[in-house]
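Notes for the one structure printed next.
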Amino acid sequence: MHTLGRSIKARARELGFCKIGIAAAAPLPPDKLDDWLSRNHHGSMGYMQSRRDLRLDVTTLVPGARSVIVLAMNYYTDPGQPDDPEKGVISRYAWGDDYHDIIRARLKTLLKFIQETDPQINGRVFVDSAPVMEKVWAVKAGLGWIGKHSNLITPEYGSWVFLGEVIIDAELEYDEPFEKEYCGTCTRCLQACPTGAIVEPQTVDARRCISYLTIELKPDQPIPEHLQPRLGNRIFGCDACQEVCPWNRRRARVTAEKAFYPRPHNLGPALSQLKQIDPELFERFTVKSPLKRSKYAGLMRNIKVALKNAEQKK
């Protein structure tokens with residue numbers, strides 16, 4: 001299986017993945033997840049609690065799982081965020097096409113390659129939306145460490161990476177886990193968070209996180225009034241903690257994946273124009289885009305808050 005592991009990594013690189021690591025499938029310790037859940041840091045994301053057991057043991061997702069293949073894809077692109085309160089800010093990961101579709105298709109291609117090499121192997125692919133503790137597995141597979149902002153940081157690309165997994169029921173040669181952390185005494189991400197959502201290193205209270213408030217919070221739920229001014233002109237997600245990270249400033253490289261390049265209308269769209277979007281235009285605006293996750297009502301809620309914040313700055 002040593003030869004197969006090398007072949008898998010070579011094929012993954014051909015598919016556009018920048019980092020690949022393999023870890024032995026085994027149950028994960030529950031302490032950190034249970035502590036996070038007990039403090040209600042998951043907010044209204046009830047699926048985090050209901051799928052707890054699935055998150056902690058990948059063999060519940062893939063019976064007989066032996067190996068977790070973790071893959072990273074760089075998504076960084078050059079343009080900065082607009083410094084204009086009347087223009088909306090969209091998180092960098094959502095500027096281009098939906099990474100779920102892109103990465104899932106390539107993971108399926110990789111799994112097909114594995115099964116063509118050895119038809120006895122069974123497996124599944126996962127991209128973010130499934131109950132897999134992908135950052136923990138990325139550390140176990142040697143891709144990087146979890147920064148104080150709770151994102152995975154890779155030495156080569158910073159935290160501007162998407163993660164995906166192929167879990168199979170075959171044993172492979174395993175990589176050494178990433179044992180060290182290189183954040184040192186830096187606390188820039190904690191200081192930069194507009195809402196104080198990073199309550200301690202590696203711990204985010206989703207109820208205060210702008211990404212949660214503008215994406216995960218259901219459209220019929222209002223953003224808490226005391227947090228609304230902190231959103232500024234952010235209408236979908238937030239990159240504040242990543243933008244200030246020294247690793248990102250030093251190591252960010254523009255991705256070769258053209259699908260992640262910004263759609264022009266996602267770079268600093270005028271809030272005055274966005275407020276006029278109707279449901280039909282929203283559907284066209286968000287075709288194959290992560291923005292669809294907020295739903296029309298959610299995006300309009302976010303735009304309304306951003307407009308109010310812009311008005312107060314005049």
Side-chain angles (χ1 to χ4, degrees), residues 1-34 37 45-75 97-144 146 152 154 161-178 257 259 288 290 293:
M1 287 300 179
H2 292 186
T3 302
L4 178 56
R6 289 195 295 269
S7 298
I8 290 170
K9 290 181 178 181
R11 183 68 181 111
R13 292 188 187 95
E14 292 174 355
L15 292 169
F17 294 101
C18 62
K19 295 205 71 174
I20 309 99
I22 306 173
L28 298 173
D31 301 12
K32 191 167 181 62
L33 176 60
D34 285 347
L37 291 170
M45 296 183 291
Y47 57 85
M48 297 295 296
Q49 178 72 64
S50 63
R51 295 187 170 190
R52 170 199 176 275
D53 294 346
L54 296 178
R55 292 180 189 283
L56 293 173
D57 188 354
V58 294
T59 63
T60 60
L61 300 171
V62 179
R66 303 288 296 280
S67 300
V68 181
I69 306 164
V70 187
L71 307 102
M73 187 174 286
N74 175 26
Y75 71 88
D97 294 346
D98 193 335
Y99 70 95
H100 295 90
D101 299 334
I102 295 165
I103 294 180
R104 185 179 294 109
R106 297 190 192 183
L107 292 179
K108 287 182 177 180
T109 299
L110 183 61
L111 179 58
K112 182 179 179 182
F113 166 80
I114 295 169
Q115 292 175 324
E116 286 174 347
T117 305
D118 185 345
Q120 300 300 314
I121 294 176
N122 296 302
R124 289 180 62 188
V125 304
F126 301 90
V127 188
D128 186 28
S129 56
V132 176
M133 302 277 282
E134 58 182 10
K135 291 180 288 187
V136 175
W137 282 111
V139 174
K140 287 183 172 296
L143 271 62
I146 297 176
L152 181 83
T154 67
V161 292
F162 295 130
L163 297 173
E165 299 78 40
V166 179
I167 302 177
I168 61 174
D169 61 358
E171 185 175 342
L172 300 172
E173 182 178 10
Y174 302 124
D175 293 287
E176 290 294 323
F178 205 100
E257 182 51 63
K288 296 183 178 180
R293 184 169 178 80

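- Between atom CZ of residue Phe126 and atom CG of residue Leu107 there is a gap of 10.5 Å, rounded to the nearest 0.5 Å.
- A donor-acceptor pair is defined here as one N or O able to donate and one able to accept, closer than 3.5 Å; no such pair exists between the side chain of Ser67 and the backbone of Ala24.
- Side-chain contact between Arg13 and Ile20: present, with at least one pair of heavy atoms (C-beta onward) separated by less than 4.5 Å.
- Atom OG1 of Thr59 is separated from atom CG of Leu54 by 10.0 Å, given to the nearest 0.5 angstrom.
- Taking a cutoff of 4.0 Å between a charged side-chain nitrogen and a carboxylate oxygen, Arg106 and Glu257 qualify as a salt bridge.
- Taking CG from Asn74 and CZ from Phe17, the interatomic distance works out to 12.5 Å, rounded to the nearest 0.5 Å.
- For the pair Asp175 (side chain) and Ile22 (backbone), a donor-acceptor distance under 3.5 Å is present.
- Looking at Asp169, its side chain never comes within 3.5 Å of a backbone N or O of Ala65 through a donor-acceptor pair.
- Scored by the side-chain hydrogen bond (donor to acceptor under 3.5 Å, both in side chains) test, Lys19 finds Glu156 as partners (sequence neighbours excluded).
- One N or O on the side chain of Arg124 and one on the backbone of Leu61 form a donor-acceptor pair closer than 3.5 Å.
- Closest approach of Ile146 to Val136, counting heavy atoms only: CD1-N, 4.3 Å.
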Output, in order, the C-alpha distance, side-chain angles, deciding distance and verdict of side chain to side chain contact (heavy atoms under 4.5 Å, CB included) for Ile114 and Ile8. CA-CA 7 Å; Ile114 295 169; Ile8 290 170; 3.7 Å; yes

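- Environment of CZ in Arg104: crowded, with over 12 heavy atoms of neighbouring residues, nucleotides or ligands closer than 6.0 Å.
- Taking both residues in full, the closest heavy atoms of Ile168 and Val166 are given as CG2-CG1, 3.9 Å, listed atom of the first, atom of the second, then distance.
- Expressed to the nearest 0.5 Å, how far CZ of Phe113 lies from CD of Glu14 amounts to 8.0 Å.
- In this structure, Asp34 pairs ionically with Arg52, as a charged nitrogen and a carboxylate oxygen lie closer than 4.0 Å.
- For the pair Trp137/Val132, a side-chain contact is recorded, criterion being any heavy-atom separation below 4.5 Å from C-beta on.
- Nearest approach of Val70 to Ala141, heavy atoms of both residues: CG2-CB, 3.9 Å.
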Check the pair Leu71, Leu110 against side chain to side chain contact (heavy atoms under 4.5 Å, CB included), reporting the backbone distance first and the verdict last. CA-CA 11 Å; Leu71 307 102; Leu110 183 61; 3.7 Å; yes

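- Put simply, the side chain of Asp128 reaches to within 4.5 Å of the side chain of Tyr99, judged on heavy atoms.
- The heavy-atom pair separating Ala72 from Leu163 by the smallest distance is CB-CD2, 3.9 Å.
- To the nearest 0.5 Å, atom CZ of residue Arg11 and atom CD of residue Glu116 are 9.0 Å apart.
- Closest non-hydrogen pair, Arg55 versus Met133, comes out as O-CG, 3.3 Å.
- Taking the side chain as every heavy atom from C-beta outward, Val125 and Ile103 never approach each other to under 4.5 Å.
- Of the inter-residue distances, the one linking Asp57 atom CG with Leu28 atom CG reads 8.0 Å to the nearest 0.5 angstrom.
- Applying the 6.0 Å contact sphere to NZ of Lys112 captures no more than 12 heavy atoms from other residues, nucleotides or ligands.
- The heavy-atom pair separating Leu56 from Pro30 by the smallest distance is CD1-CB, 3.6 Å.
- Listed for the Gln115 side chain is a donor-acceptor partner under 3.5 Å among the backbone atoms of Ile121.
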